[in-house]
Amino acid sequence: MPCRTDRLRVHVVDDNPSVLDSMRALLMAHGQDVVLHGSAEAFLDSSQRTAAECLLLDLRMPGMSGTELQRRLRERADPIPIVMLTGHGDVPVAVAAMKAGAIDFIEKPGTEAQILAAIALAADTIANRQPPPLPAGEIAERLARLTHREREVLDHLVIGETNKAIADRLGISQRTVEIHRSRIREKLEARGLSDLIRMMR
Amino acid sequence: MRPKVDLTACDTEPIHLIGAIQPHGALVAADEETLRIDYVSANSAEFVGYAPAELLARPLSILLGDDQVAELDVRAQRPLVPDLLRPWFPTVRGRDGERRLECFPIRHDGRIILEFVRFEAGPALVWEEDLLRQRIISELIKPDTLTELARASAQILRDVTGFDRVMIYRFAKDGHGEVIAESTVRDDSFLGLHYPASDIPEPARRHFRLNVIRSIPDIMAPPVPILTHHGAVADASHGAAIDLTYGKLRGVAPVHVEYLGNMGVGGSMSISLIANDDLWGLVACHHYGPLHLPWSRFRFCELLGGTISALLQSLENATQLRQSIRAERTAFEIERAARGGQPLAELIARNAKELMLHAGAQGMVLSLGGTISRFGRTPEPLPELRGLGREPVDGVATFDNVPSALGLDPIYWSIASGAAFLELSEDGEDYLVFLREEFEHTIKWAGKPDKLEKRRVDGTVRLSPRGSFNLWSEERRGRSKPFSDSDREALRILRRALFALNSLDRERAAVVAQKQAEAEEARLKLVVLDAARRSSMGELASALAHELNQPLAAVTNYVNACRQELRNYGIAIPAEVAGLIERAVGESLRAAELVRRLRNFIAQGEIVAEPIDLKPVVRQGVELAFAASPDPTPRLEFDLESLPPLVVADPIQIGQVVLNLVRNSLAAMRESEVRTLVISARRNGPLVELAVRDTGHGIPAEIAGRLFEAFQPSTSSGMGLGLSLCRSIIEAHGGRIWSRPVTPGAEIVFSLPVRSAGHALPH
């Protein structure tokens, strides 16, 4: 279980009070400084900002959406690392968010490991450290383990296509895509889609 | 010596007031009341034994005796039309004794007119000739066509009379004549010859109708003047000219003498053929020299003429009937085939030859459902024929002068001189036109007309068959054989059937079209209903997934936090407790996975975004909403010019959004007086904004804030139907949806990024 000493101030923005409270409980248990916001607008209005901060941001909210908040922050060149919290079926949007600079995304309900890894990644980003060192040669070596079909599936995955879309496009079943997906994860030693996207970036 | 011919007078010449008779008989006429003799032909002495001066102003009884004068009350009757000869054989007491004569008495114009000819003893020779008698009966009743009857009649009449040539003319509606049968001993032939109507002037026509048989035994015989009191000639120049309309001996008009003379005819006889109380035709007998026919034969010819007329009439009626029946049969065949499901155009094409036969046409043009088809010989290029259908009678209009009726170039004359227009639809769009060629092209003249020609001293050819034919041909330039009443009747029969079939076809097509439209509407409704069902299911699933994920996320977080806090407090977690915690987390994740599967199963699919043109997508959404709505269509404005040509989006999902928004607008405008829907697009940086604005009741302030949330009262009250789904879709596209206050009504705006993740738009 990764447990880093870096103490961050984690801003959590979500419209659901239970999610906010449970997130606070989890993150505080892991020693993080947590600030909760019930909406994107509330976050924008808040003034408690320090250098070591990251943002866990819900994609779907009434009023300003997570995507919109991300856009606004980027517009004012705010460097705060963003981890997107998404519901089901929002993967394409999450991928778009990563393209737009989000460092990670977590599909709700995320596992503890996913959440902590994302926080750790944010800490690395703030410390201007490269993400877990993975030399290009290593990536190439792992990619070489993929079959032609797996490589094809990967190419579609990293541009945010859904299992269904990939299945339609390649003329295979969704179940087969899922099998390919887990093989790809194993062979590339990735935890999830966000790792894959980072590797292929 | 022949009198001078004045051609210009030929149509006005009062030939019944000619004041002369032919020399093969004598005329005596007395006042009907006083029985005083007022007119005597100059040759009276030769026939009745008194010179004119001895008879004029004397009582008729000096010639006939009191008994025979009394008999005149019965004998001399007013003429009937058509009249038959009423021969009488009185004994006339002349200066040189008594003699028996044949007399044709007639009562007319206040006078008793007696025409005396020589008495010929014995019955008519024909009655002694068994063979001829049998032929007359058997051959005249045998033919079942007019042409055959005419041919048989000409043959018999020539056999009975001994004329060199017997011809049967037929007069057309326009008065022109045609030789339809001929029997002759000569080499040349008049068969097929056509005469212009002017060749038989109206006064002559009148005489043919009133006086059905006339003979001119010798055209060179000098006419005998009819004298009245004081030695005056009783012709047109005299105040009391005698009317010879019904006379058998009437003098021959000079123009007629010239005409016969030009053909080399020396003696002639004509018998009028009357059918249905009209002058149908004429039997013309020509002899190339004088020919004196015995009077009994003359009378027999008159009888034959009447018989032929009667037969003609019945044959003509039968022919018309047969033509109608034939048309009915063709119509029936076509109808029967149509019942078998064959389309009309195909049926007409298959029966083209038969149809053209009915119309006596060589070409046919069909316009059906905007398609023109041609059959037989038709002009190239085809002139516009619709103009022929301006004034149809019972849907049929016939023309024998198409070029002048339509103002056509002479190039069309040869095969489009006549036409029959059959209207096949009420709106005049569908029609069938039969084309007849120029009349001259249809004529087959068997004779050698040049031989018959006789030029006048000044070189002109007139009053000769060839001259007549030329004149007639000139008259008929650009004209076809005229359509007869029976042609028109047959065409009406055919038209009735074709019109009915076409109406049926059209009705059927309309029904099919309507059924298609209804099916399409039903399909649209189904699509919309399905979309609505799916959208509400999708909405439910999406909302469930979202709502359930929140507590599940919270549960997972809390449990994980617990475990971590226990560690933080230095409490060693017993293995079984750690296992329980693991299972709690695992079950939460499994619940989340179940929700995901449920949503995927119900929802109509994930977003399949690709570069698309949004305009048709938006329009289709609007159309679907209109089709599914019971409300009247509002005024619709599109302002989609600012839309980029391609936007990365899922067309089905965005169509669903537009559909939902427009349905809400239609519902909101149900009570509005002004109903306007405006769909507009605006470019805003990397986004495109689409707005749906209506003039409905607007959005109540109390629900405006939660408009796009699932399970809101706005949805159940019909307000803001499917807005949370819209929001899901738009946000899944990386866009936003919101409402903007407007007065009156509401405006919902959604934005979409023009480009999306993983989709570079082509430049």
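Just so we're clear, the structure is a prediction, and the values are computed from it rather than from any experiment. So you know, we letter chains A, B, ... as the sequences are listed, proteins then strands, and number each from 1.
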Any chance [atom1] of [X] has more than 12 other-residue heavy atoms, nucleotides or ligands included, within less than 6.0 Å?
X	atom1	answer
B:R590	CZ	no
A:R145	CZ	yes
A:E150	CD	yes

Over all heavy atoms of both residues, which pair between [X] and [Y] is shortest? Give the atoms and the distance, please.
X	Y	value
A:P109	B:T556	CB-OG1, 4.0 Å
A:M28	B:E565	C-OE2, 4.1 Å
A:S65	B:R736	OG-CG, 4.2 Å
B:R727	A:R60	NH2-C, 4.2 Å

What part of A:L27 lies closer than 4.5 angstrom to a heavy atom of chain B: side chain, backbone, both or neither?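 When you check distances to chain B, no heavy atom of A:L27 falls under 4.5 Å.
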
So, taking the atom named CZ in B:R567 and the one named NE2 in A:H30, what distance separates them when rounded to the nearest 0.5 Å?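 Taking CZ in B:R567 and NE2 in A:H30, the distance rounds to 7.0 Å.
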
Calculate, to the nearest 0.5 Å, the distance between atoms CG and CD belonging to A:L85 and B:Q550 respectively.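 Taking CG in A:L85 and CD in B:Q550, the distance rounds to 9.5 Å.
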
Heavy-atom contacts under 4.5 Å, residues 15-23 of chain A to chain B: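 If one takes a 4.5 Å heavy-atom cut-off, the residues of residues 15-23 of chain A near chain B are A:N16, A:S18, A:V19, A:D21, A:S22, A:M23.
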
Name the region of B:N568, side chain, backbone, both or neither, that has any atom closer than 4.5 Å to a heavy atom of chain A.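 The side chain, not the backbone.
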
Stepwise side-chain contact (heavy atoms from CB on, under 4.5 Å) test for A:T111 and B:N560: CA-CA 9 Å; A:T111 63; B:N560 283 330; 5.9 Å; no

